[in-house]
**Q** 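Sharing a structure, written as structure tokens. Questions coming.
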Amino acid sequence: MSIKRIAISTGGGDAPGLNAVIRAIVLCSIHRGWKCYGIRDGYNGLLTPHEYPKGGLVRLNRDSVRGITHLGGTILGTTNRGNPLRFPTVDNDGHVYEKDRTDELVSKFKAQNLDALIAIGGDGSLIIAHVLYKKGVRVVGVPKTIDNDLDQTVITFGFDTAVHFATECLDRLHSTAEAHQRIIVVEVMGRYAGWIALNAGVAATADAILIPEIPYDINKVAEKVTQRDASGRNFSIVVVAEGARPKGGKHTVVGDKTAGQADRLGGIGQKISFDLEALTGKETRHVSLGHLLRGGTPTSFDRLLSLRFGAASVRALD
Ligand code: F6P
């Protein structure tokens, strides 16, 4: 079937490079004579159109994508509370439950005469995209996430920017840790993958790197700090991925799980810093880089990767 109209969706946590992907898709589509539309906030623009007085589906033309390659965030908006497979819905008693709205989404997509969807997202968004594909939508997925945790994917865009910034932060923390002869524990994002922690930690010469893939033994970390002290290196930098957990222990999460949302990881850096202070007797501080890793301008590597992904996703529809 020849294509006339395509839609783009950006879903889940944002990642630097999203706008560059959108720009490449729009320009390549225009070049083929296709009309391009953006769905606001994941799929909410189609599922809850009443929330968008200016329209949940927006026409994207050359002007819409001018000067956006270097911008963080996404011009379409995104959400990680709008999963159409588990859409948070309020019943008559005011309880929130999860509802599968994918059939409705497919109907609404087709009602707009859209011929194909380019879904830019991480694991959650690409699972949704796969379900839409199985329900008859022509779909191409573009792998996005700072976590770099997608199966069958060597590198996702957003990861390089996150690692670059985390490395810069670690370099800064290094000098203050040394000046005060402290331990500084730095928590980085990454969900259940240790890629950001490992790459930034090695690049910045951290003294211990704790990742979800290898549950840690806090006594070993404390031993390492004590050995360094004995050798005259009386400060230490410990990088910990938010999904790290002790041997036989659980992940550290923030708050209770809510309908339509995944567990919120976080807090392990603080726990480790308290544990290390107690075990080593050394003054310890902790910092969580959190969303700083997701914001801001993409590196040139991520811009180029994103532009290539965008162009390739359009070619995949040819
Ligand atoms: O998947 C990207 C990511 O930034 C993870 O590293 C992190 O666990 C999660 O999203 C945070 O999501 P939120 O923006 O909902 O806090």
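Indexing begins at 1, ligand by ligand and atom by atom, following the structure's order. Computed from a predicted structure; not experimentally measured.
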**Q** Got more than 12 heavy atoms from elsewhere within 6.0 Å of CD1, Ile155?
**A**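 Yes - once you tally the heavy atoms of other residues, nucleotides and ligands closer than 6.0 Å, there are more than 12.
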**Q** Where is the nearest protein heavy atom to atom 15 (O) of ligand 1: which residue, which atom, and how far?
**A** Asn80 ND2, 2.9 Å
**Q** Please identify each residue that fulfils ring pair (Phe, Tyr, Trp, His ring centres under 6.0 Å) with His251, with sequence neighbours left out.
**A**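 Once residues adjacent in sequence are excluded, the partners of His251 under the ring pair (Phe, Tyr, Trp, His ring centres under 6.0 Å) criterion are Tyr192.
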**Q** Going by the closest heavy atom to atom 12 (O) of ligand 1, which one wins out of Lys144, Met189, Arg191, Arg294?
**A**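 It is Arg294 whose heavy atom sits nearest to atom 12 (O) of ligand 1.
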**Q** Side chain to side chain contact (heavy atoms under 4.5 Å, CB included) between Ser9 and Leu76: does it pass, once the steps are laid out?
**A** CA-CA 8 Å; Ser9 155; Leu76 296 178; over 6 Å; no
**Q** Going by distance only, is there an N or O of Ile146 that falls short of 3.5 Å from an N or O of ligand 1?
**A**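 Ile146 vs ligand 1: no N/O contact under 3.5 Å.
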**Q** What residues, two or more places apart in sequence or in another chain, satisfy salt bridge (charged side-chain N to carboxylate O under 4.0 Å, His left out) together with Asp149?
**A** none
**Q** Report the residue from Val106, Thr102, Leu105 that forms a side-chain contact (heavy atoms from CB on, under 4.5 Å) with Val137.
**A**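 Testing each of Val106, Thr102, Leu105 against Val137, the sole residue satisfying side-chain contact (heavy atoms from CB on, under 4.5 Å) is Val106.
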**Q** Starting from atom 7 (C) of ligand 1, find the nearest protein heavy-atom neighbour and note its residue, name and distance.
**A** Glu242 OE2, 3.3 Å
**Q** May I ask you to list the atoms of ligand 1 that are less than 4.0 angstrom from any heavy atom of His291?
**A** 13 (P), 14 (O), 16 (O)
**Q** Inspect the surroundings of NZ in Lys4 and state if more than 12 heavy atoms from other residues, nucleotides or ligands are less than 6.0 Å away.
**A** no
**Q** For ligand 1, is Gly190 a contact, meaning one of its heavy atoms is under 4.0 Å away?
**A** yes
**Q** Quick one: look at Asp147 and ligand 1, take heavy-atom pairs under 4.0 Å, and tell me if it's side chain, backbone, both or neither.
**A** side chain
